[in-house]
Student: 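Next up is a structure, given as structure tokens.
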2 protein chains.
Amino acid sequence: MTVELRGPVRITMQTVARAAGVSPMTVSNTFRYPDRVQEATRRRVLDIAAELGYVPNRAAGDLASGQSRVVGAVVPSLKNSSFYMFIRGISEAASECGYELVISLAETPEQELAAVQTFLGLRVAGLILVGSDHERATVDLLRKTPLPVVEAWATSPPVDMGIGYSVRKAMQSLLRIVLDRGFRRVGFVGFAGDASQRYSERLPAFRDYMAEAGLDSSLIHLVDEADGFSAGPAALNALHQRDAALDAILCPTDIVAAGVLFECGRRDWPVPERIAVTGWGDFEIASEITPQLTTVDAKAHEIGRQTVAMIRDRIDERQGPSFVDLGFSIVRRASV
Amino acid sequence: MTVELRGPVRITMQTVARAAGVSPMTVSNTFRYPDRVQEATRRRVLDIAAELGYVPNRAAGDLASGQSRVVGAVVPSLKNSSFYMFIRGISEAASECGYELVISLAETPEQELAAVQTFLGLRVAGLILVGSDHERATVDLLRKTPLPVVEAWATSPPVDMGIGYSVRKAMQSLLRIVLDRGFRRVGFVGFAGDASQRYSERLPAFRDYMAEAGLDSSLIHLVDEADGFSAGPAALNALHQRDAALDAILCPTDIVAAGVLFECGRRDWPVPERIAVTGWGDFEIASEITPQLTTVDAKAHEIGRQTVAMIRDRIDERQGPSFVDLGFSIVRRASV
DNA sequence: TATTTTGATTGTAGCGCTACAATCAGCCGA
DNA sequence: TCGGCTGATTGTAGCGCTACAATCAAAATA
């Protein structure tokens, strides 16, 4: 006996219950609380459900129970491998405790708002966002929702809970290494456009610490995050044109830094002899490219995991911290 | 008047309706069919909803209407930039027609099954999968669900609908270029493990076309997809050890190919003079790295867009093709 | 054997929303 | 002034499921 397929026939708990000769509640229990149901009954129900291709309707279940096992994450990009590790961290931690992760891509604040509405509308168990820069309407919504919300890499006091690290300190540590090696004409590459807010702490930090060291901090160039590798050559060209003595370049991500290294290769500039290069993020390419990149490990994977822990604390009504600083570490390699 | 926040107070349509002095149906209409509601009424309802932070409960709405505006995509990896472009394509096309995309990451067939169950349970509008290799249980489920399902890069007849291109033809075109340039000792790098199924057509194609050209096709090395760049050096070392005359290497992705180029740099092997290298996917790095990579453009973005079109056709009961071949193109660059 | 205890199973009510039909108010022409 | 019409608004019923209390059968005790 096989079931004909793809019909618009709706299979509900009723259908399964009747076919198995039990009440709908027994079917429900079979899926939600298997050990409330006798071995034999459970097996029969499961067999019939499989036979019919029945999957419990979660919209109905969540509605009836007022709960959900889905956590929603809204990420601004998937190009940046930090977010990849972040997602993996969330995904791992979530499935370890019986939650499911669903992701929504939002490359602009408007898309973020739409994604937040979708997830709030779905009444997910928790919501994960990146950064502190949101549309006004998004913030309003987040402030009023009873759902747990975590902002990862938060740079301002979070709407609900936040996690991150001190970008200022990381910038300071990175710059110290560059200056300690004797580099003096340091260029800064930042992001323009939608990504700029997420990176907004870096430029002031750069300026402050350069000033502290008595150095000129005017060698600044902004690129578009979407440009990826190609932003590297563009930045190097621009900065070198502004100052031919440029001897170090700080990049916003390892991708941009790799682009700079590619360009250095084309120009036959030895790195770090002619110019020092730093990345940010400790993406995989940082340790594979030649020379290997000095960069900042922002612990994206751990941030992802922690994020889920914070949501669980809130759901289980445990009193957790509303902000976690996970720190960072500088990865010293050959490019400086 | 402001609303106190984060309480466990549930705001429902009722709440809003009472506060606005209208019936719940008017609130419902305000959100779903705005022009059924008078301008003034609508504005009042919307204001109060915003004030209260009300977001319609989609679990309830979807349940009542038997519809959903969410499409679910299950992707095996986010490291591979093809999937990134794929996702973008879906996301774009989906939002153009009022759908939302949610993504689930599944790095193993078991995780894929779980993700499929989640999405079927949510009764999404459509489901998008990658490849043709699924758990038996996944296939059973897909065969019986009435929801539209598209398999992207399908290599076998799809469960419901499929889209892809001929990997055999692409391999043939690529190999022809390599052989035309006079390379003869060609190594093949493939994937082992969970990714191997997604790439399973390539090795036989390689063997067939090498045989056709009267060449030896035994230089094969398998790597792990998760290794990323570092798979490149590993493969090059292994193949070169097996045959010191190795003069070309076909990589499963541009990432692996980039890893090979990095290693060639360390060995001071000029590419393509000492060895030719090909990638697959036309990721961004392919055109940025030196030398630029000859690769296969698998049109991931377009595949993503098309996928949504197929789902819409099904939903609107338009008769669409059940399989679309989008073709590919070979990008000839300096590495061969 | 009568009575408790235990665990499996089941009915009831309702989660928050929407389809649909019913109602209502305002306005037109006769 | 009155039906007839139009478009805004509203009540009813029910989507598929689960919490919870009620029921039932079988095993354990007296």
Side-chain angles (χ1 to χ4, degrees), chain A residues 8-46 49 52-70 117-118 120-125 145-147, chain B residues 8-46 49 52-70 117-118 120-125 145-147:
Chain A
V9 239
R10 287 206 197 149
I11 313 260
T12 73
M13 207 163 249
Q14 271 290 349
T15 324
V16 178
R18 264 199 284 269
V22 296
S23 76
M25 266 319 295
T26 300
V27 179
S28 174
N29 285 329
T30 303
F31 284 97
R32 283 179 74 83
Y33 306 101
D35 38 86
R36 286 188 190 169
V37 175
Q38 218 163 5
E39 171 72 21
T41 316
R42 180 180 32 191
R43 196 187 309 284
R44 186 152 40 91
V45 169
L46 253 18
L52 295 170
Y54 171 72
V55 179
N57 184 328
R58 254 152 115 147
D62 289 356
L63 178 61
S65 70
Q67 291 182 4
S68 161
R69 303 297 287 175
V70 169
Q117 281 175 321
T118 300
L120 291 183
L122 251 19
R123 302 292 191 266
V124 292
T145 180
L147 303 181
Chain B
V9 240
R10 288 206 195 149
I11 314 259
T12 73
M13 207 162 248
Q14 270 290 347
T15 325
V16 178
R18 264 199 285 266
V22 296
S23 77
M25 264 321 293
T26 299
V27 179
S28 174
N29 284 329
T30 302
F31 285 96
R32 283 180 74 85
Y33 306 103
D35 39 85
R36 286 189 190 170
V37 176
Q38 218 164 6
E39 171 72 20
T41 316
R42 181 179 34 190
R43 199 189 305 284
R44 186 151 41 92
V45 169
L46 252 18
L52 295 169
Y54 171 73
V55 179
N57 184 329
R58 259 158 111 144
D62 290 356
L63 180 61
S65 70
Q67 290 182 6
S68 162
R69 301 299 286 175
V70 169
Q117 281 176 321
T118 300
L120 292 183
L122 251 20
R123 302 293 192 266
V124 293
T145 181
L147 303 182

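Residue numbers begin at 1 in each chain, while the letters A, B, ... track the order of the sequences. The figures here come from the full heavy-atom set of this structure, side chains too, leaving out hydrogens, waters and symmetry mates.
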Student: Could you tell me which residues satisfy side-chain contact (heavy atoms from CB on, under 4.5 Å) with Ala60(B), sequence neighbours excluded, listed by chain and number?
Tutor: Leu63(A), Asn57(B)
Student: Which nucleotide span of DNA chain D, 5' end to 3' end, has atoms closer than 4.0 Å to non-hydrogen atoms of chain B?
Tutor: dA8(D) to dG16(D)
Student: Are Thr26(B) and Val37(B) packed together at the side-chain level, in the sense that at least one heavy-atom pair is separated by less than 4.5 angstrom?
Tutor: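 With C-beta onward as the side chain, the pair touches.
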Student: Output the residues of residues 25-34 of chain B in contact with DNA chain D, where contact means a heavy atom of the residue under 4.0 Å from an atom of the strand; sort by number or write none.
Tutor: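 Within this stretch, Met25(B), Thr26(B), Asn29(B) sit under 4.0 Å of the strand.
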Student: Would you please name every residue forming a side chain to side chain donor-acceptor pair (under 3.5 Å) with Arg44(A), sequence neighbours left out?
Tutor: none
Student: Which sits closer to the 5' end of DNA chain D, Thr41(B) or Arg123(B), going by the nucleotide each is nearest to?
Tutor: Thr41(B)
Student: Run the side chain to side chain donor-acceptor pair (under 3.5 Å) test against Gln67(B) and tell me which residues pass, sequence neighbours left out.
Tutor: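 For Gln67(B) there are no side chain to side chain donor-acceptor pair (under 3.5 Å) partners, ignoring immediate neighbours.
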Student: Based on the rotation axes of five pairs at each end, what angle does the helix from dT1(C)-dA30(D) to dA30(C)-dT1(D) bend through, to 10°?
Tutor: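 About 40° separates the two local helix axes.
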Student: Does anything in residues 54-67 of chain A reach DNA chain C, meaning a heavy atom under 4.0 Å, and if so which residues?
Tutor: Leu63(A), Ala64(A)
Student: Could you list the residues that satisfy side chain to side chain donor-acceptor pair (under 3.5 Å) with Gln38(A), not counting sequence neighbours?
Tutor: none
Student: With heavy-atom distances below 4.5 Å as the criterion, would you say the side chains of Thr145(A) and Val55(B) are in contact?
Tutor: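 The answer is no, as the side chains (C-beta and beyond) never meet within the 4.5 Å cut-off.
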Student: Salt bridge (charged side-chain N to carboxylate O under 4.0 Å, His left out) with Arg42(A): which residues, sequence neighbours excluded?
Tutor: Glu39(A)
Student: Applying side-chain contact (heavy atoms from CB on, under 4.5 Å), name anything that partners Ser68(A), two or more places apart in sequence or on another chain.
Tutor: Asp62(A), Val70(A)
Student: Can you list the residues that meet the side chain to side chain donor-acceptor pair (under 3.5 Å) rule with Thr118(A), with sequence neighbours excluded?
Tutor: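 Expected list: Glu100(B).
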Student: Between Val16(A) and Ile11(A), is there a side-chain heavy-atom distance shorter than 4.5 Å?
Tutor: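 They are in contact (side-chain heavy atoms under 4.5 Å apart), so the answer is yes.
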Student: Side chain of Ser65(B), backbone of Gly61(B): donor and acceptor closer than 3.5 Å?
Tutor: yes
Student: Got a sec, which pairs hit salt bridge (Lys or Arg N to Asp or Glu O under 4.0 Å) with one end in residues 27-37 of chain A, sequence neighbours left out?
Tutor: none
